[in-house]
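The structure appears below as structure tokens.
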Amino acid sequence: MGRLLLPTLPSPVEELADERLIVKGVGLLLKRDDLIHPDIPGNKWHKLRGNLDEARRLGHDTLLTFGGAYSNHIRAVVVVAAGRLFGVRTVGVIRGEEHLPLNPTLRFAVDAGMRLTYLDRTSYRTKTSPAIVDRLRAEFGAFYLLPEGGSNALGVRGCAELPAEIDRPFDVICCSCGTGGTLAGIAAGLGSGQRALGVPVLRGARFLADEVDALQRAAFGANSGNWTMAYDFHFGGYARSTPALARFIADFHDRHGLALEPVYEAKLLYALLALAEADAFPTGTTVVAVLNAMADGPGPDARREDRPPG
Ligand SMILES: *Cc1c(COP(=O)(O)O)cnc(C)c1O
């Protein structure tokens, strides 16, 4: 865990032949962003890149960010900061109380030099309020503030570069959504006639459409108007599962030899197949599914209290 090497870019695009799509005349391409680094989900890399360059450009010697105790984002920040910003201090503001011994994510963060501090769950909801940020500045000095999940204008712009890496024609591109930053970027990077579909992994995620809208306005000045969301594939909420989802993952592995990451990407693929079954894609549609992680790669512990922001 925590290999401090640089990502391999761009990730490959692979065709996946699935009978259930073939009978509907739907083609599926997988954008294998899970393959760019063993410890960094692809979208986390795209969101971090521009932020780290900006922190360095502004001359910051400290980068502060937020995350749950099992956060993919915290791990990604540690790995990327070690590779790209050698000499820059990192501070991780962790949701909830300290638990000792540290779990593997936080142990790894501390071993790589990250300083940790904790915010109780109530304060965490307002973690970027002036009162809390002032308190953090008093404790750690000046810092570059990176939002949870890396989802700010710079992060979203990084994700907008992904569609140009796909060298085959396609009609629809799909991704799972936690904060919605990845969808906001990918949709903005599409050509005319293409559209994006987001699959939120949280229950009650209708607020996410406003978040994606706000992120697109912040990053590009306008909503690209070419994306929608499928809200019905959360399977009970973040990091929750059901027997149907577990069967889907096992069956998908039998068919294709791919171990789907259960928190985000299994819900994405389940949604795609269910929508195709319901004739949501016209015959002849080519769909790209963006995979940011696979089960044997990085992935949060499936603990229900480790929620992403929102
Ligand atoms: C963080 C993450 C997402 C969600 O991305 P958002 O930009 O927050 O919507 C999806 N898949 C994986 C594997 C992730 O780590």
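One-based numbering, in listed order, for ligands and for the atoms of each. We're numbering straight along the sequence, starting at 1.
Contacts of H73 with ligand 1, taken as heavy-atom pairs under 4.0 Å, are absent altogether. With a heavy-atom cut-off of 4.0 Å, N72 touches ligand 1 through its side chain alone.
Taking any N or O of E261, backbone or side chain, none lies under 3.5 Å from an N or O belonging to ligand 1. Taking distance alone, with nitrogen or oxygen atoms compared against 3.5 Å, C177 stays at or beyond that limit from ligand 1. When only interatomic distances are considered, the shortest N/O to N/O separation between Y264 and ligand 1 does not fall below 3.5 Å. Ligand 1 has an N or O atom lying under 3.5 Å from an N or O atom of G180, backbone or side chain.
For the pairing with H46, the side chain to side chain donor-acceptor pair (under 3.5 Å) check across D33, N292, T182 returns one residue only, D33.
Each of the atoms 10 (C), 11 (N) of ligand 1 lies under 4.0 Å from some heavy atom of S176. The contact set between ligand 1 and G178, taken as ligand atoms under 4.0 Å from a residue heavy atom, comprises 4 (C), 6 (P), 8 (O), 9 (O). Shown in contact with K47 at under 4.0 Å from a heavy atom are these atoms of ligand 1, numbered in order with element: 6 (P), 7 (O), 8 (O). Shown in contact with E265 at under 4.0 Å from a heavy atom are these atoms of ligand 1, numbered in order with element: 11 (N), 12 (C), 13 (C). Below 4.0 Å from some heavy atom of G181 lie the following atoms of ligand 1, by number and element: 7 (O), 9 (O). Ligand-side atoms of ligand 1 in range of K44: 1 (C), 2 (C), 3 (C), 14 (C), 15 (O), range being under 4.0 angstrom from any heavy atom. When each atom of ligand 1 is checked for a heavy atom of P41 under 4.0 Å away, the hits are 15 (O). Listed by atom number, the atoms of ligand 1 under 4.0 Å from T182 heavy atoms are 5 (O), 6 (P), 7 (O).
Ring geometry for F66 against Y124 counts as perpendicular: the plane angle is over 60°, on a 0 to 90° scale with 30° as the lower cut.
Using a cutoff of 4.0 Å between basic side-chain nitrogens and carboxylate oxygens, R57 and D53 are not scored as salt-bridged. Using a 4.0 Å cut-off between a side-chain N of Lys or Arg and a carboxylate O of Asp or Glu, E139 and R115 do not qualify as a salt bridge. Here K31 pairs with E165 in a salt bridge; the nearest charged N to carboxylate O distance falls below 4.0 Å. Comment: R95 does not engage E148 in a salt bridge, judged by the lack of any side-chain N to carboxylate O separation of less than 4.0 angstrom.
Of the listed options N292, L215, T179, T179 places a heavy atom closest to atom 6 (P) of ligand 1. Looking at N43, V263, V201, it is N43 that brings a heavy atom closest to atom 5 (O) of ligand 1.
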- Message: Between L202 and F207, is the side chain to side chain contact (heavy atoms under 4.5 Å, CB included) condition met? List the steps.
- Response: CA-CA 10 Å; L202 317 157; F207 70 91; 3.9 Å; yes

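In this view, D213 and R217, N223 satisfy the side-chain contact (heavy atoms from CB on, under 4.5 Å) rule, not counting sequence neighbours.
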Donor-acceptor pairs under 3.5 Å, side chain of residues 187-195 to any protein atom, not counting sequence neighbours: which ones?
{"from": "Q194", "atom 1": "OE1", "to": "G191", "atom 2": "N", "distance (Å)": "2.8"}
{"from": "Q194", "atom 1": "NE2", "to": "F170", "atom 2": "O", "distance (Å)": "3.1"}

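The nearest pair of heavy atoms linking C159 to K47 is SG-CG, 3.4 Å.
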